[in-house]
Amino acid sequence: MNPPDLLPILRYPDPRLHTVAKPVVAFDDRLRALIERMLATMYDASGIGLAATQVDVHERLVVIDVSETRDQPLVLVNPVIDWASAETRKGEEGCLSVPGIYDGVERSIAVKVRAQDAEGQSRVIEAEGMLAVCIQHEMDHLMGKVFVEYLSPLKRNRIKGKLLKSQREAQKA
């Protein structure tokens with residue numbers, strides 16, 4: 001069997017990254033194929049999470065794998081955070097849509113999420129640590145928010161300039 005085709009990942013400051021995702025309504029072969037392609041894209045890019053928004057599909061779908069062995073994918077369809085801890089921690093975050101940029105973002109240390117799986121079955125996930133951070137980061141994408149928007153306008157503008165410059169250089173090459 002051939003591996004699924006990889007999807008192009010949108011790069012910040014692409015305006016499509018600010019699109020709010022719509023709920024998934026059909027749990028069909030198209031959705032399962034999209035999930036497979038998103039997982040393959042995430043693994044290929046050495047990421048731990050990928051939201052459908054990042055691959056220009058504006059549906060409420062996230063794939064995550066924070067395991068050391070990279071073989072424990074978590075699929076969240078139509079995720080909703082039901083509870084987030086009041087306790088927060090600032091941690092370094094990066095993003096496949098903001099390559100090479102890492103900075104501190106304040107996040108809840110634990111969350112309880114209600115979502116559906118690829119078949120439409122409801123599930124509740126209680127997460128803490130890295131998984132909780134990853135879920136919050138990816139769910140931000142579904143709301144049209146990129147992690148650099150938590151940073152100061154000065155830092156954000158520097159990052160935007162740096163990424164636009166590298167994109168122009170890549171186009172010339």
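The basis for the numbers below is simple: all heavy atoms, side chains too, and nothing from hydrogens, waters or symmetry mates. Only a predicted model underlies this, so the values are computations on that prediction, with no experimental measurement involved.
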Item to check | Neighbour count >12 (heavy atoms, 6.0 Å) for atom CZ, Arg70 | outcome: yes
Checklist entry - So if you build clusters from Ile, Leu, Val, Met, Phe, Trp, Tyr with side-chain heavy-atom gaps below 4.5 Å, do Val105 and Met139 land together? => result no
Item to check | Tyr150 six-ring centre to Lys145 NZ/CZ under 6.0 Å and within 45° of normal | outcome: yes
Checklist entry - Has Glu128 got more than 12 heavy atoms of other residues, nucleotides or ligands less than 6.0 Å from its CD? => result no
Next on the checklist: Please say yes or no: joined through hydrophobic side-chain contacts below 4.5 Å, possibly via intermediate residues, are Val75 and Ile125 part of one cluster?
Outcome noted: no
Checklist entry - Hey, does the side chain of Asp14 reach the backbone of Leu10 with a donor-acceptor pair shorter than 3.5 angstrom? => result no
Checklist entry - Is Met130 reachable from Val62 through a run of I, L, V, M, F, W or Y residues, each pair having side-chain heavy atoms under 4.5 Å apart? => result yes
Could you give the side-chain donor-acceptor pairs of residues 43-51 under 3.5 Å, partners two or more places apart or in another chain?
{"from": "Tyr43", "atom 1": "OH", "to": "Asp65", "atom 2": "OD2", "distance (Å)": "2.5"}

Next on the checklist: Could you go through Ser122 and Gln116, starting from their C-alpha distance and side-chain angles, then the distance that decides it, and tell me whether this counts as side-chain hydrogen bond (donor to acceptor under 3.5 Å, both in side chains)?
Outcome noted: CA-CA 4 Å; Ser122 291; Gln116 293 164 286; 5.0 Å; no
Item to check | From CA spacing to verdict: side chain to side chain contact (heavy atoms under 4.5 Å, CB included), Met38, Gln54 | outcome: CA-CA 10 Å; Met38 284 178 61; Gln54 293 176 272; over 6 Å; no
Item to check | CZ/Arg32: more than 12 non-hydrogen atoms of other groups inside 6.0 Å | outcome: yes
Item to check | Side-chain heavy-atom pair Gln136, Val111 within 4.5 angstrom cut-off | outcome: yes
Item to check | Spatial distance of atom CG (Leu163) from atom CZ (Arg168) [nearest 0.5 Å] | outcome: 11.0 Å
Checklist outcome for this item: Between Lys160 and Tyr12 the two heavy atoms that sit nearest each other are CE-OH, 3.6 Å
Item to check | Residue that, paired with Leu61, satisfies side chain to side chain contact (heavy atoms under 4.5 Å, CB included) out of Asn78, Leu142, Leu31 | outcome: Leu31
Checklist entry - Under 4.5 Å between side-chain heavy atoms, hopping through other hydrophobics if needed: is there a path connecting Leu17 to Val57? => result no
Next on the checklist: My understanding is that only residues two or more places apart in sequence, or in another chain, count here; which of them pass side-chain hydrogen bond (donor to acceptor under 3.5 Å, both in side chains) with Arg30?
Outcome noted: Glu59
Checklist entry - Any side-chain heavy atom of Ile35 sitting closer than 4.5 Å to one from Val63? => result yes
Item to check | Heavy-atom side-chain proximity of Asp117 to Val77 below 4.5 angstrom | outcome: no
Item to check | Approximate separation, where rounding is to 0.5 Å, of Leu34 CG and Asp29 CG | outcome: 12.5 Å
Checklist entry - Which value, rounded to the nearest 0.5 Å, describes the distance between Arg89 atom CZ and Glu87 atom CD? => result 6.0 Å
Checklist entry - Are side-chain heavy atoms of Val20 and His58 found at a separation under 4.5 Å? => result no
Item to check | side chain to side chain contact (heavy atoms under 4.5 Å, CB included) between His137 and Glu93, intermediate numbers included | outcome: CA-CA 9 Å; His137 176 108; Glu93 288 190 26; 2.7 Å; yes
Checklist entry - Less than 4.5 Å apart, any side-chain heavy atom of Ser108 and any of Val133? => result no
Checklist entry - Do Ile109 and Thr88 touch side chain to side chain, with heavy atoms closer than 4.5 Å? => result no
Checklist entry - When you look at Ile135 and Ile64, which way does the side chain to side chain contact (heavy atoms under 4.5 Å, CB included) test go after all the steps? => result CA-CA 8 Å; Ile135 288 170; Ile64 293 172; 3.6 Å; yes
Checklist outcome for this item: Nearest heavy-atom contact between Gly144 and Glu149 is O-OE2, 4.2 Å
Item to check | Interatomic distance, Leu96 atom CG to Thr41 atom OG1 [nearest 0.5 angstrom] | outcome: 9.5 Å
Next on the checklist: Are the side chains of Val113 and Val80 in contact, using a 4.5 Å heavy-atom criterion?
Outcome noted: no
Checklist entry - So how far is it from Arg156 CZ to Phe147 CZ, rounded to the nearest 0.5 Å? => result 11.5 Å
Checklist entry - Would Lys22 and Arg60 satisfy side chain to side chain contact (heavy atoms under 4.5 Å, CB included), going step by step from the backbone distance to the final call? => result CA-CA 6 Å; Lys22 301 204 174 353; Arg60 294 189 57 76; 5.9 Å; no
Item to check | Closest non-hydrogen atom pair, Ala132 against Ala127 | outcome: CB-O, 3.6 Å
Checklist entry - Quick one: CG on Leu7 to CG on Asp5, what's the gap to the nearest 0.5 Å? => result 8.0 Å
Checklist entry - Salt bridge or not for Asp82 and Arg114, using N-O below 4.0 Å? => result yes
Checklist entry - Is the number of heavy atoms from other residues, nucleotides or ligands within 6.0 Å of CD (Glu68) greater than 12? => result no
Next on the checklist: Measuring only between side-chain heavy atoms, which start at C-beta, is Lys155 closer than 4.5 Å to Val148?
Outcome noted: no
Checklist entry - Which other residues belong to the hydrophobic cluster containing Trp83, where Ile, Leu, Val, Met, Phe, Trp and Tyr are joined when side-chain heavy atoms lie under 4.5 Å apart, directly or via other members? => result none
